[in-house]
Number of protein chains: 2
Amino acid sequence: MKNTGDRRRTIYDVAKAAGVSISTASNALNGTGRTNAETRERVRRVAEEIGFRPNALARGLLSKRSHAIGMLTNDTYGRLTLPMAAGVSEVLVDHGVSVFLCATNNDPRLAQLHLEALLDRQVDGIIFTATRLDLEPPVQLSRLPIPVVYVFAEGPADSVTFFPDDEQGARLAVDHLKELGRSRILHITGPRDYLAARIRAQSYLDACGDGAEAMFGEWSEEWGHEAVQTVFARPGPKPDAIFCGSDEIARGVIDALRDLNVEIPTDVAVVGFDNWEVVARQTRPPLTTIDMELKELGHRAGLAILSLSKGEPVPAGITRLPCRLVVRQSCGSPLQSD
Amino acid sequence: MKNTGDRRRTIYDVAKAAGVSISTASNALNGTGRTNAETRERVRRVAEEIGFRPNALARGLLSKRSHAIGMLTNDTYGRLTLPMAAGVSEVLVDHGVSVFLCATNNDPRLAQLHLEALLDRQVDGIIFTATRLDLEPPVQLSRLPIPVVYVFAEGPADSVTFFPDDEQGARLAVDHLKELGRSRILHITGPRDYLAARIRAQSYLDACGDGAEAMFGEWSEEWGHEAVQTVFARPGPKPDAIFCGSDEIARGVIDALRDLNVEIPTDVAVVGFDNWEVVARQTRPPLTTIDMELKELGHRAGLAILSLSKGEPVPAGITRLPCRLVVRQSCGSPLQSD
DNA sequence: AGTTCATGCTAAAAGCTTTTAGCAGAAAAA
DNA sequence: TTTTTCTGCTAAAAGCTTTTAGCATGAACT
């Protein structure tokens with residue numbers, strides 16, 4: 001007779017079935033107060049039997065902690081957001097915390113609406129995510145009564161913020177190319193007004209020194225294509241490796257190189273950025289690239305908001321999580337490159 | 001003095017500030033009961049002034065409707081899920097309903113955990129989404145005390161289910177090609193064990209009649225590439241159009257055709273399926289394709305679960321939402337094709 | 001024997017809202 | 001004048017849980 005009725009079982013039902021008071025039932029189930037071991041066991045068995053599960057609303061109302069958080073995102077497409085969100089949800093579900101997804105489409109009205117709904121629901125915290133790293137949050141988050149964690153977006157001074165370590169990621173790519181004996185490395189990346197593009201480019205320039213060249217453009221395949229054509233059309237020495245600011249750009253680069261009959265990786269090695277599998281796996285040859293560990297980013301952001309919501313201290317400022325090099329075949333390997 | 005304090009304002013604060021009882025305050029704010037117009041106005045003004053917003057937890061506890069729903073998905077990557085989820089969230093936020101995102105990663109344990117959390121939170125309904133159309137839901141959803149809507153996944157008999165209209169979508173593609181004067185249309189698509197692949201293929205066969213050929217394989221670029229090579233290597237007449245089961249396949253097809261020096265769209269017209277912009281916009285030439293209207297699918301699913309949760313009747317069974325043809329340049333146009 | 005202590009349990013309050021039942025007063029009807 | 005009806009308001013209950021304060025009971029002290 002496991003909750004076959006229509007009504008959800010309450011702690012009142014448990015108490016009645018176990019022949020104790022409501023308080024004793026609660027204490028027994030939560031291990032609080034003073035309870036006889038035998039009674040405690042009986043109550044727990046009864047609760048299990050009738051399929052009792054505590055009402056999260058009532059619990060939240062009393063404890064002032066809803067054990068839910070909100071995720072505010074302005075990413076419509078979801079290439080970055082969803083893996084990240086999955087990471088957040090994955091790490092929090094084990095702590096009994098659920099995640100509200102709020103897609104704002106960069107619309108301030110919608111963002112405001114979502115934010116108010118979240119506050120009305122007494123969420124314990126908010127994770128704000130953006131894809132356009134440069135964009136202002138579409139809504140005022142600074143003076144909220146609950147903690148906010150920023151991912152892929154910079155919050156006000158002293159806020160808790162997570163980014164991938166673009167600087168280290170770029171270094172990873174360049175070091176890999178250098179280890180394989182490449183010396184004339186070119187960098188083709190996205191628009192200069194993206195912070196991530198600037199950081200990666202600077203890291204590349206620092207690592208490669210003189211002769212290094214960073215070409216800013218778009219986050220598109222087309223731009224990769226175009227940049228390669230430009231470079232190979234002009235006089236002077238040609239690069240023996242290209243580090244791309246995104247996998248999409250890398251894809252354009254690879255296509256353009258093939259059109260020019262340039263061998264990959266023999267003549268030119270190519271490294272991407274994103275490890276966006278649908279792209280990186282499908283290039284010919286498959287793309288060596290930098291993974292931003294989006295899921296791990298989600299884990300960390302989730303744990304951070306969890307700690308903050310409990311009042312535990314979390315180091316403020318920007319935390320940059322290491323990227324990972326994923327080796328496929330667009331660079332050759334130390335062994336086979338000769 | 002708009003909620004500058006630490007504590008959230010309650011209806012008790014409103015009542016006190018307006019000099020009325022709690023019940024009157026509630027009645028005035030909600031327009032229930034009998035209230036003098038003047039009093040009602042005063043209460044509302046006061047509520048506005050002190051920044052009162054009702055506690056959704058308390059409200060939900062009483063009304064037994066939490067005004068929240070859960071979205072259970074096993075899609076890790078999110079290409080289909082996130083636009084759909086954004087549609088759901090977008091349409092529901094205006095009705096004061098929020099959405100819990102639960103990524104199950106196809107892990108039954110995780111799915112069970114999420115499901116229990118949702119029930120504990122008294123959600124008003126659940127939207128279940130899958131990418132692998134053939135897969136069983138990772139958890140038993142049939143005997144739940146709350147309504148369930150299925151999207152991209154088939155529920156038990158008589159459940160409310162939404163799919164894109166694959167049959168109509170395929171017809172859209174074939175008709176477009178025919179209108180442009182193409183007669184030898186080939187179909188290259190994904191694995192036969194995907195229902196969507198089978199439906200699209202059947203629709204194509206019905207529309208094209210004898211001589212039509214559907215090639216099943218993978219949902220990958222590589223397969224598109226390979227299929228084209230096979231077809232163009234064997235003797236006999238060559239197709240003058242290729243309808244692809246996905247944009248990724250189309251991409252492989254286009255690349256392979258270019259390698260063979262076949263002109264697109266002059267010699268062969270290509271149509272994709274998905275309107276996955278990162279792919280469809282970046283092929284050369286840009287890809288004419290079928291859009292599944294994922295956001296609209298989300299809207300409809302959201303409205304359906306809303307109605308169901310209010311006890312309003314919703315037609316059971318599978319509803320298929322029309323797809324849309326997106327014309328780019330991979331087929332030419334009636335005007336420029338000569 | 002009288003006091004202190006520990007144990008196992010319970011009644012009641014608190015958390016915030018909505019709804020029900022009903023009270024007083026005034027107006028309308030008898 | 002008495003009764004009915006309507007109006008505007010309020011006290012209290014309900015929704016479900018956790019926590020606080022405290023009540024008996026029996027054991028261990030002084």
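In what follows, every chain begins at residue 1, and chains take the letters A, B, ... in the order their sequences are listed.
Close to D:dT18, at under 4.0 Å from its OP1 or OP2, lies a side-chain N or O of A:Ser26. Contact annotation: B:Ser23 side-chain N/O to D:dT10 OP1/OP2 distance is not under 4.0 Å. Close to D:dT10, at under 4.0 Å from its OP1 or OP2, lies a side-chain N or O of B:Thr24. Between A:Asn27 and C:dC9, a side-chain N or O to OP1/OP2 separation shorter than 4.0 Å is absent. For B:Lys64 and D:dC16, the shortest distance from a side-chain N or O to OP1 or OP2 is below 4.0 Å. Within the 4.0 Å cut-off from OP1 or OP2 of D:dT18, at least one side-chain nitrogen or oxygen of A:Asn30 is found.
Side-chain atoms of B:Arg40 do not come within 3.5 Å of backbone N or O of B:Ala25 as any donor-acceptor pair.
More than 12 heavy atoms of other residues, nucleotides or ligands shown are found within 6.0 angstrom of CG on B:Asp94.
Atom P of nucleotide D:dC9 and atom CZ of B:Arg40 are separated by 10 Å, given to the nearest angstrom. Across the protein-nucleic acid pair, A:His67 atom NE2 and D:dT17 atom P stand 14 Å apart, rounded to whole Å. Rounded to a whole Å, the CG atom of B:Leu57 is 10 Å from the C1' atom of C:dG15. Rounded to a whole Å, the CG atom of B:Leu61 is 9 Å from the P atom of D:dT17. The distance from atom CD1 of B:Ile11 to atom C1' of C:dT19 is 12 Å, rounded to the nearest whole Å. As rounded to whole Å, 13 Å separates atom P of C:dG15 from atom CD of A:Gln122. Rounded to whole Å, atom P of C:dC16 lies 16 Å from atom CZ of A:Arg65. Look at CZ on B:Arg42: it is 11 Å from C1' on D:dC9, rounded to the nearest Å.
Residue contacts shown for A:Ile22 include a base, since a base heavy atom lies under 4.0 Å away. Residue contacts shown for B:Arg59 are limited to sugar-phosphate atoms, with no base heavy atom under 4.0 Å away. A:Thr39 comes within 4.0 angstrom of sugar-phosphate atoms only, judged by non-hydrogen atoms across all strands, and of no base.
Across C:dT10, C:dC16, C:dG22, the shortest atom-to-atom separation from the side chain of A:Ser21 is found for C:dT10. You'll find that the side chain of A:Phe52 is closest to D:dT17, out of C:dG8, D:dT17, C:dC23.
The aromatic rings of A:Phe152 and A:Phe163 sit perpendicular to each other, their planes meeting at more than 60°, with 30° as the lower class boundary.
Remark: B:Arg324 does not engage B:Asp165 in a salt bridge, criterion side-chain N to carboxylate O under 4.0 Å.
Where B:Leu62 and B:Asn36 meet DNA chain D, the nucleotide closest to each residue was compared, and B:Asn36 sits on the side nearer the 5' end.
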side-chain hydrogen bond (donor to acceptor under 3.5 Å, both in side chains), that's the test. Do B:Arg300 and B:Thr319 meet it? Break it down for me. CA-CA 10 Å; B:Arg300 293 290 300 272; B:Thr319 305; 5.2 Å; no
